[in-house]
Amino acid sequence: MAEGTKMEAFIEGLRDGGCEFVANYPGTYSQDIFFKLGGDRISINEKTAFERAYGVSLAGKRSLVTMKNVGLNTCADPYLHSVITGVNGGFVVVVTDDTKVTGSQEREDSRHFIDFFGGLWLEPNDHQSAYTAGYDAFELSEKLDIPITIRLSSQFFGASADRYQRNAPRRIASLAKKSPEKMIAYPIYWKRQADNLLHKNKRISEYVERQYAGVVRGESHLSVIACGDCTDEMATV
């Protein structure tokens with residue numbers, strides 16, 4: 001067992017999950033994750049940070065990029081392309097949604113990006129799920145061939161310390177592949193990539209359904225499934 005804040009649990013999960021590279025452009029809370037993971041070279045903007053981290057993934061290493069909500073707007077082009085083309089080494093995108101507008105231009109919910117091409121977003125709500133999200137993210141990314149996006153809202157970073165269970169560090173292997181048809185977003189590759197994207201999103205849907213299996217019980221035909229810190233967050237709207 002270990003003890004720490006949600007952010008500390010999340011960072012330990014990323015370390016144990018095999019994070020090999022981290023990139024960042026400073027934003028509320030996101031730079032804290034960057035520095036605690038040993039980041040030492042800030043990018044000039046979010047798009048550059050994203051492309052550096054994604055390039056490391058294509059080279060076969062597990063990589064991560066952090067930014068705040070409006071930062072994802074800045075790197076939307078390579079972000080959406082990465083959902084289509086996929087990854088080699090596990091690739092994780094951490095978005096810190098500044099829902100209390102303590103250091104952002106406006107209140108923004110980044111989750112609408114999933115409406116473009118699908119993908120998988122994780123949003124932990126306690127210390128154990130924070131650790132598990134970080135621990136599983138890189139391996140999930142490699143299995144599903146998709147960047148895993150993890151959304152952390154302002155409420156996530158205000159939590160006090162608590163205990164959580166750690167796992168043994170994951171083994172890391174280089175996953176570099178030579179496949180221009182897979183990795184280049186270009187018209188002649190689109191049909192194949194679009195078919196592959198449909199297949200990936202089907203696998204993602206099956207994965208999500210397995211996570212919620214047995215959650216809904218009782219005879220009611222109306223159920224509410226909530227994730228993350230959204231209950232507290234709605235009170236700030």
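When reading the values below, keep in mind they use all heavy atoms of this one structure, side chains included, and skip hydrogens, waters and symmetry mates.
In this structure, Y135 belongs to a hydrophobic cluster whose other members, linked by side-chain heavy atoms under 4.5 Å apart, are Y131, Y164. Summarising the hydrophobic clusters (Ile, Leu, Val, Met, Phe, Trp, Tyr; side-chain heavy atoms under 4.5 Å, direct or chained), the residues clustered with M1 are none.
Residue pairs meeting the salt bridge (charged side-chain N to carboxylate O under 4.0 Å, His left out) criterion with at least one member in residues 197-208, sequence neighbours excluded, are D145-K200. Screening residues 85-97 for salt bridge (charged side-chain N to carboxylate O under 4.0 Å, His left out), with sequence neighbours left out, gives D97-R151.
D77 meets the salt bridge (charged side-chain N to carboxylate O under 4.0 Å, His left out) test with no other residue; sequence neighbours excluded. Residues passing the side chain to side chain contact (heavy atoms under 4.5 Å, CB included) test with I114 are W121, sequence neighbours excluded. By the side chain to side chain contact (heavy atoms under 4.5 Å, CB included) test, F116 pairs with L80, H112, F113, sequence neighbours left out. The side chain to side chain contact (heavy atoms under 4.5 Å, CB included) check on T5 picks up M7, E8, with sequence neighbours excluded. Residues satisfying the side chain to side chain contact (heavy atoms under 4.5 Å, CB included) test with S63, not counting sequence neighbours, are F21, A53, V56, S57, F91. The side-chain hydrogen bond (donor to acceptor under 3.5 Å, both in side chains) test applied to Y54 returns T85, not counting sequence neighbours. Under the side-chain hydrogen bond (donor to acceptor under 3.5 Å, both in side chains) criterion, D115 pairs with no residue at all, not counting sequence neighbours. Annotation: side-chain hydrogen bond (donor to acceptor under 3.5 Å, both in side chains) contacts of S82 (sequence neighbours excluded): none.
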